[in-house]
Amino acid sequence: MGNLRIRSRHQPYEIAVLAAAPVCGVLMLTLDGRPTSVQTAMPVPIQVAWELGLVAVGVGGLLGIVWPGRLSTGLGVELASVLVLGTITGMYAVSLAAMSGRQSIAATSFVAAVAVGSLWRAAQIAVDLRRLAQACELVTYEQLQAGVT
């Protein structure tokens, strides 16, 4: 079978974005201060869901990274979080581009890069989960108890 390689779950850029997401979401919810492009492009219920999504992905993603139990569960929680993060940052990039056009090229590019990076990380996690599942099929419970690697 060879060595099972799971990509590091401690990626500084991912952790920084996941840590910033709930802070941004909570500040927008409590201060009622939304970007103009979001206020213009999204109905109010979608705006609130977007802000709550920021809080959820940040907390969920960080929880998945430090998950104390099964590796597959932690990776699954992290996968769900980065998929949603990619989606909601993509929503924001589209609203920026639609509302501000050429004036928002720098901001749209930066936010779109976060979306692409999140989806890229999701793809990495999906590959890791597949490898983990394949490895589990090859090892019996008795071998795991005996510590066979």
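Excluded from the calculations below are hydrogen atoms, water molecules and symmetry mates; all remaining heavy atoms, backbone and side chain alike, are included.
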Over all atoms of both residues, closest heavy-atom pair of Ala115 and Gly86 | CB-O, 3.6 Å
For Glu14 and Ile65, what are the C-alpha separation, side-chain angles and deciding distance, and is it a side-chain contact (heavy atoms from CB on, under 4.5 Å)?
-> CA-CA 10 Å; Glu14 177 188 6; Ile65 289 170; 4.0 Å; yes
So Trp67 and Glu78, side-chain contact (heavy atoms from CB on, under 4.5 Å) or not? Walk me through it.
-> CA-CA 9 Å; Trp67 192 263; Glu78 185 182 357; over 6 Å; no
Provide the closest heavy-atom pair for Leu79 versus Ala122 in the form atom of the first, atom of the second, distance.
-> CD1-O, 3.3 Å
Looking at Ser81 and Gly60, what are the two nearest heavy atoms and their distance?
-> OG-C, 3.2 Å
Do Val84 and Val48 belong to the same hydrophobic cluster, where Ile, Leu, Val, Met, Phe, Trp and Tyr are linked whenever their side-chain heavy atoms lie under 4.5 Å apart, directly or via other members?
-> no
To the nearest 0.5 Å, tell me how far Thr73 OG1 sits from Leu129 CG.
-> 9.5 Å
Given Asp128 and Leu132, is the side-chain contact (heavy atoms from CB on, under 4.5 Å) satisfied, shown in steps?
-> CA-CA 6 Å; Asp128 290 344; Leu132 188 59; over 6 Å; no
Met28 side chain reached by Leu54 side chain, heavy atoms, under 4.5 Å | yes
How long is the span from the OG atom in Ser104 to the CZ atom in Phe110, to the nearest 0.5 Å?
-> 14.0 Å
Same cluster for Tyr92 and Leu52 if Ile/Leu/Val/Met/Phe/Trp/Tyr side chains link at under 4.5 Å?
-> no
Closest heavy-atom pair, Leu18 versus Val57, reported as atoms and distance to 0.1 Å, is CD2-O, 3.5 Å
Looking at side-chain heavy atoms only, is the closest gap between Ser118 and Leu83 below 4.5 Å?
-> no
ILVMFWY clustering at 4.5 Å (side-chain atoms), partners of Leu31 | Val23, Leu27
All heavy atoms of Met99 vs all of Ser37, minimum pair found to be CG-O, 3.6 Å
Same cluster or not: are Met42 and Leu96 linked, directly or through other Ile, Leu, Val, Met, Phe, Trp or Tyr residues, by side-chain heavy atoms under 4.5 angstrom apart?
-> yes
Taking a hydrophobic cluster as the set of Ile, Leu, Val, Met, Phe, Trp and Tyr residues connected by side-chain heavy atoms closer than 4.5 Å, whether directly or through intermediates, do Val59 and Trp50 fall within one such cluster?
-> no
Lys/Arg-Asp/Glu bridge criterion (N-O < 4.0 Å) met for Arg34, Asp32 | yes
Does any N or O in the side chain of Ser100 come within less than 3.5 Å of the main-chain N or O of Ala97, such that one atom is a donor and the other an acceptor?
-> no
Stepwise side-chain contact (heavy atoms from CB on, under 4.5 Å) check, Gln124 with Val127 = CA-CA 5 Å; Gln124 287 180 335; Val127 168; 5.8 Å; no
Between Leu62 and Val26, is there a shared hydrophobic cluster once you connect ILVMFWY residues whose side-chain heavy atoms come closer than 4.5 Å?
-> no
Are any of the side-chain heavy atoms of Arg121 and Leu85 separated by less than 4.5 Å?
-> no
Are side-chain heavy atoms of Leu75 and Ser72 found at a separation under 4.5 Å?
-> no
How far apart are the closest heavy atoms of Ser95 and Val38, and which atoms are they?
-> OG-CG2, 4.0 Å
